[in-house]
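The structure under discussion appears below in the form of structure tokens.
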Amino acid sequence: SAEPDFLKVSGLHAGYGQARVLQGLDFSVARGEVCAILGPNGAGKTTTLRALSGMVRGRGSVTLNGTELLGRSPEQAARLGVAHVPEGRGTFNDLTVEENLRIGAHLRTGPRWRGRPERAAVAADLERIYDYFPKLRQRSRQAAGSLSGGEQQMLAIGRALMLRPSLLLLDEPSLGLAPLVTRELFEIVRAVNEEERTTVVVVEQNAQLALDIAHRAHVLEAGRLVLSGPAQQIREDGQVAEVYLGVS
Ligand code: ATP
């Protein structure tokens with residue numbers, strides 16, 4: 001890629017009060033790449049995503065397209081193009097699918113912006129999301145709480161895409177989903193990445209799955225990166241598979 005340091009993480013430390021979780025992370029993600037962050041429970045994968053989106057305070061530096069992200073609120077990070085789909089999805093059960101999607105656009109446009117060009121743009125974005133997720137179109141007037149787990153995850157990702165993010169952060173998208181549903185979801189993420197050139201950082205317990213769509217991967221252990229490389233290399237490294245990915 002022409003922009004290898006589109007996302008550049010340097011000496012990132014972060015934690016919760018006395019609990020120091022991230023102990024100095026260094027990695028870059030090129031524009032348009034899918035980056036997987038793998039590793040055992042408690043390694044700090046979720047904390048890494050939170051530091052990128054302003055949900056936890058970090059030390060060091062995180063730049064997106066040259067702009068510093070550390071020290072920003074989640075809303076400021078969102079306005080700078082960072083969309084975070086948290087573990088557990090965070091969609092609103094009592095609102096319809098379409099209302100949830102429209103909330104995603106509010107972060108971009110502001111709730112009081114009701115001009116016609118903006119309305120048309122949001123309508124076009126909705127269509128685009130429905131093209132990626134036909135199941136959401138079928139269920140657009142249904143309450144989000146009535147969707148299956150897989151559909152709720154699609155909705156959470158769709159809502160994030162309404163922000164037109166340049167960086168999409170996905171935390172454990174496969175959590176609690178059946179294998180077939182997970183595969184479908186990852187194929188859609190791959191399509192979004194290829195068609196929109198959205199840069200993606202995905203945290204996953206299911207390493208095999210994440211490595212299928214990732215260009216590069218990092219293995220995190222106890223708050224440090226212990227291994228980084230092209231996804232294919234990490235997939236093919238037998239010892240890596242056994243030790244870090246729980247595969248033999
Ligand atoms: P998991 O897959 O289990 O979520 P992870 O790699 O995503 O693992 P993190 O969620 O980033 O790990 O957690 C890293 C460490 O930080 C863990 O020891 C966890 O207990 C701790 N931690 C996470 N959230 C908080 C919090 N809000 N307050 C205090 N400690 C926390």
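Heads up: numbering here begins at 1 and tracks the sequence.
Here the side chains of T48 and L22 are in contact, with some heavy-atom distance below 4.5 Å. Residues M162 and I129 have side chains in contact (heavy-atom distance under 4.5 Å, counting atoms from C-beta outward). Two residues are said to be in side-chain contact when any heavy atoms from C-beta on lie closer than 4.5 Å; S228 and F27 fail this criterion. V201 is listed as a side-chain neighbour of I37, based on a closest heavy-atom distance under 4.5 Å. Within the 4.5 Å cutoff, the side chain of N65 has heavy atoms near those of the E3 side chain. Counting heavy atoms from C-beta outward, V29 and R216 have side chains that stay 4.5 Å or more apart.
Expressed to the nearest 0.5 Å, how far CD of E221 lies from CD of Q23 amounts to 12.5 Å. In this structure, CE in M154 is found 7.0 Å from OG in S148, a value given to the nearest 0.5 Å. One finds the CG atom of L167 at 11.0 Å from the CG atom of L80 (value rounded to the nearest 0.5 Å). Here the straight-line distance linking atom NE2 of H215 with atom OG1 of T199 works out to 10.0 Å at 0.5 Å rounding. The distance from atom CG of L95 to atom CZ of R102, rounded to the nearest 0.5 Å, is 12.5 Å. The structure places CG of L38 at 7.0 Å from CD1 of I234, a figure rounded to the nearest 0.5 Å.
In this structure, the side chain of N100 engages the main chain of F92 through a donor-acceptor pair within 3.5 Å. Of the possible donor and acceptor atoms, one in the side chain of Q153 sits under 3.5 Å from a partner among the backbone N and O of P173. Although no hydrogens or angles enter the test, the distance criterion places no donor-acceptor pair under 3.5 Å between the side chain of S146 and the main chain of Q142. Between the Q152 side chain and the A144 main chain, a donor and an acceptor come within less than 3.5 Å of each other.
L64 and V34 are assigned to two separate hydrophobic clusters, defined by single-linkage of ILVMFWY side chains at heavy-atom distances under 4.5 Å. Both L169 and F6 are assigned to one and the same hydrophobic cluster, defined by single-linkage of ILVMFWY side chains at heavy-atom distances under 4.5 Å. The hydrophobic cluster containing L225 also contains V56, counting ILVMFWY residues as joined when their side-chain heavy atoms lie under 4.5 angstrom apart, directly or transitively. Put simply, L52 and I157 are part of two different groups of oily side chains (I, L, V, M, F, W, Y) that touch within less than 4.5 Å, one to the next. Cluster annotation: V189 is not connected to V203 through the hydrophobic network of ILVMFWY side chains, with a link wherever side-chain heavy atoms come within less than 4.5 Å.
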Decide side chain to side chain contact (heavy atoms under 4.5 Å, CB included) for R59 and L70; before the verdict, give the C-alpha distance in whole Å, the side-chain angles of both, and the deciding distance to 0.1 Å. CA-CA 7 Å; R59 277 195 298 116; L70 291 188; 5.7 Å; no
Where do L155 and L136 land on the side chain to side chain contact (heavy atoms under 4.5 Å, CB included) test, with the steps shown first? CA-CA 7 Å; L155 178 57; L136 295 184; 4.1 Å; yes
Output, in order, the C-alpha distance, side-chain angles, deciding distance and verdict of side chain to side chain contact (heavy atoms under 4.5 Å, CB included) for R137 and L126. CA-CA 9 Å; R137 178 181 278 123; L126 274 173; over 6 Å; no
How far apart are the C-alpha atoms of R141 and V97, what are their side-chain angles, what is the distance that settles it, and do they pass the side chain to side chain contact (heavy atoms under 4.5 Å, CB included) test? CA-CA 6 Å; R141 315 238 164 265; V97 165; over 6 Å; no
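Under the 4.0 Å criterion applied to side-chain N and carboxylate O atoms, E196 and R164 are not assigned as salt-bridge partners. Between D131 and R128 there is no salt bridge, since no side-chain N of the basic residue sits under 4.0 Å from a carboxylate O of the acidic one. Classification of D5 and R31 as a salt-bridged pair fails, no side-chain N sitting under 4.0 Å from a carboxylate O.
Closest approach of H218 and C35 over heavy atoms only: CD2-SG, 3.5 Å. Considering every non-hydrogen atom in both L177 and G149, the closest pair reads CD2-C, 3.4 Å. Nearest heavy-atom pair across V122 and A105 is CG2-CB, 3.9 Å. Here the closest non-hydrogen pair linking L161 and F133 is CD1-CE1, 4.3 Å. Nearest approach of T198 to P165, heavy atoms of both residues: CG2-O, 3.7 Å. Taking each heavy atom of S61 and E68 in turn, the nearest pair found is OG-OE1, 2.8 Å.
Of the N and O atoms on the side chains of S174 and E204, at least one donor lies less than 3.5 Å from an acceptor on the other residue. Looking only at atom types and distance, the side chain of E195 has a donor-acceptor partner in the side chain of Y132 under 3.5 Å away.
Residue pairs meeting the salt bridge (charged side-chain N to carboxylate O under 4.0 Å, His left out) criterion with at least one partner in residues 169-187, sequence neighbours excluded, are K135-E184, R183-D212, E187-R190. The salt bridge (charged side-chain N to carboxylate O under 4.0 Å, His left out) analysis of residues 151-161, with sequence neighbours excluded, yields the pairs R139-E151.
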Below 3.5 Å, can you tabulate the donor-acceptor pairs from side chains in residues 7-18 to any protein atom, sequence neighbours excluded?
from, atom 1, to, atom 2, distance (Å)
H13, ND1, G11, O, 3.2
Y16, OH, T47, OG1, 2.8
Y16, OH, R50, NH1, 2.7

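With V202 as the partner, the side chain to side chain contact (heavy atoms under 4.5 Å, CB included) test is satisfied by one option alone out of N193, V85, L170, L209: L170.
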